[in-house]
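Worksheet: the structure to be examined is printed underneath.
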Amino acid sequence: MPELPEVEVLVRHLRPLLRGKRIRAVTVHRKKVIRPDSPRRLRRVLTGATFQGVQRRGKYLLFQLQRRGGHPPVLLTGHLGMSGRMFLNRNPAPLPKHAAVVLDLGRERFIYEDPRYFGRLSLKVEAVKRLGPEPLSRKFTPAVFAAALTDSRRAIKICLLDQNLVAGIGNIYASEALHRARINPCCPAGGLTVRQRHTLWRAMRAVLTEAIRFGSTVPLHHGPGGRSQGRLFYYGLRTETPRYYRECLQVYDRAGQPCRRCRTPIERLVQAGRSTYFCPQCQR
DNA sequence: CACCATGTTCCTTG
DNA sequence: CCAAGGAACATGGT
């Protein structure tokens, strides 16, 4: 589930659904996902609080909550890890197998479920404060991006995954952006020309913006008739094509398949223990 | 059984 | 100090 576009689409989906809803009860099924908070503290802070807004910062969801009794507002932060999902359910309905935290909202409930439990739902904000600039914000200019890459001898793909350099890029969109910019993922970041940095800056923003427009890689549910027929719905937004956006990716998870631009087989390599996909022809 | 997976943190080594 | 590499976390898919 988890890169900037997936989180952005989820936030847009949740925002109107949560606004004004009051938390009646908090159930923590997996303590590790609320670390370093305790279930008791989370219950004490959240019970009775009302959702005011939902924002995104990098891959984090930020839930702004208004408390009663003159207490200051509180910020609940969420991260989906590798496999997390957040959604609303009608209240008396079966919980998913890996429900980690459930917020009782009265007639509905908010469910954070995560089979691998790598994600977080907590009151901790330190990691959010350390994040680099938002790649789609106006403050993220080509100059800001170029400056962040100077003097770095790390491979450019590794830099794109560094959340303190730019917030929100993950393994899928790092490969996609580099292919779009026609830059080899192994290039030392500090060795890129000014022109290449500008091209990559534009490619990153284009790839992220397009993914958001298409509803990102993860469908929330299918239209009437299920998977076999009807349209796919991505967090409530109808897609522009009757296909998974995942199938529109240029290189990610396409090792051995022809590059959509030049037909050369896509290659896979491992950087920092993670797969990188690229076209050896288009990307020098 | 093997290997892979949209992420982050911590630890060790150079 | 920086960089790179590996392990850990925990479960599911192929």
**Asked** At under 4.0 Å, does any side-chain N or O of Lys97(A) touch on OP1 or OP2 of dG12(C)?
**Response** yes
**Request:** Report yes if a side-chain nitrogen or oxygen of Tyr173(A) is closer than 4.0 Å to either non-bridging phosphate oxygen (OP1 or OP2) of dT6(B); otherwise report no.
**Result:** no
**Request:** Give a yes-or-no answer on whether the side chains of Ser83(A) and Arg116(A) include a donor-acceptor pair shorter than 3.5 Å.
**Result:** no
**Request:** In whole angstrom, give the distance that lies between atom CG of Asn171(A) and atom C1' of dT8(B).
**Result:** 13 Å
**Request:** Salt-bridge test for Arg154(A) and Asp162(A): reply yes if a basic N is under 4.0 Å from a carboxylate O, no otherwise.
**Result:** yes
**Message:** A quick test of your reading: do over 12 heavy atoms of other residues, nucleotides or ligands sit less than 6.0 Å from CZ of Arg261(A)?
**Reply:** yes
**Message:** Under 4.0 Å, heavy atoms only, any strand: does Gly170(A) hit a base, just the sugar-phosphate, or nothing?
**Reply:** sugar-phosphate
**Asked** What's the verdict on side-chain hydrogen bond (donor to acceptor under 3.5 Å, both in side chains) for Tyr60(A) and Gln163(A), showing C-alpha distance, side-chain angles and the deciding distance?
**Response** CA-CA 11 Å; Tyr60(A) 287 82; Gln163(A) 301 301 299; over 6 Å; no
**Candidate nucleotides dA5(B), dG7(B), dT6(B), ranked by approach to the side chain of Tyr277(A) - the nearest** = dA5(B)
**Fill in**
Separation of dT8(B) atom P from Glu126(A) atom CD, nearest Å, is 16 Å
**Inter-nucleotide C1' distance (dT6(B), dA3(C)), Å rounded** = 25 Å
**Item:** dA5(B) versus dA4(C) - spacing of their C1' atoms, nearest Å
**Value:** 22 Å
**Request:** For Arg274(A), answer base if it contacts any base atom (sugar-phosphate contacts may also be present), sugar-phosphate if it contacts only those atoms, and nothing otherwise; contact means non-hydrogen atoms under 4.0 Å.
**Result:** base
**Prompt:** If you find the nucleotide of DNA chain B closest to Leu161(A) and the one closest to Arg116(A), which residue's nucleotide is nearer the 5' end?
**Reply:** Arg116(A)
**Message:** Whole angstroms only, please: what is the CD-C1' distance between Glu6(A) and dG7(B)?
**Reply:** 12 Å
**Prompt:** His79(A) side chain: which of dT8(B), dC4(B), dT9(B) is closest?
**Reply:** dT8(B)
**Request:** Report which part of the nucleic acid Arg35(A) touches: base, sugar-phosphate, or nothing (heavy-atom distance under 4.0 Å, all strands).
**Result:** nothing
**Asked** Rounded to the nearest Å, what distance is computed from the CZ atom of residue Arg254(A) to the P atom of nucleotide dA5(B)?
**Response** 16 Å
**Complete:** Of the listed dT9(B), dT11(C), dG7(B), the closest approach to the Met82(A) side chain comes from dG7(B)
**Request:** Specify the closest pair of heavy atoms between Ala100(A) and Val33(A), including all atoms of both residues, with the distance to one decimal.
**Result:** CB-CG2, 3.8 Å
**Request:** On DNA chain C, check which nucleotide each of Gln271(A) and Tyr117(A) is closest to and give me the residue with the more 5' one.
**Result:** Gln271(A)
**Message:** With a 4.0 Å cutoff (strictly under), does any side-chain N or O of Ser275(A) reach OP1 or OP2 of dA5(B)?
**Reply:** yes
**Request:** Starting from P on dA3(C), measure out to CD1 on Ile156(A) and report it in whole angstrom.
**Result:** 13 Å
**Message:** In whole Å, I'd like the distance from the CD atom of Glu3(A) to the P atom of dA5(B).
**Reply:** 13 Å
**C1'-based separation of dC1(C) from dT8(B) [nearest Å]** = 22 Å
**Asked** Of the nucleotides dA3(C), dA10(C), dG7(B), which has the atom closest to the Arg154(A) side chain?
**Response** dA3(C)
**Item:** Distance, rounded to the nearest Å, where Ile158(A) contributes CD1 and dG6(C) contributes P
**Value:** 12 Å
**Asked** What's the NZ-P distance between Lys32(A) and dT11(C), to the nearest Å?
**Response** 9 Å
**Request:** Would you please say whether a donor-acceptor pair under 3.5 Å links the side chains of Gln271(A) and Thr276(A)?
**Result:** yes
**Prompt:** Which nucleotide, dT9(B), dA10(C), dA5(B), lies nearest any side-chain atom of Phe118(A)?
**Reply:** dA10(C)
**Nearest-nucleotide pick for Pro115(A), side chain only, options being dC4(B), dG7(B), dG12(C)** = dG12(C)
**Request:** Check the surroundings of atom NZ in Lys32(A): do more than 12 heavy atoms from other residues, nucleotides or ligands lie under 6.0 Å from it?
**Result:** yes
**Message:** Under 3.5 Å for both donor-acceptor distances, Watson-Crick or wobble: does dA10(C) have a partner, and if so which one?
**Reply:** none
**Item:** Proximal nucleotide (of dT9(B), dG12(C), dA5(B)) relative to the Arg268(A) side chain
**Value:** dA5(B)
**Prompt:** dG7(B), dT9(B), dC4(B): which one has an atom nearest the side-chain heavy atoms of Lys59(A)?
**Reply:** dG7(B)
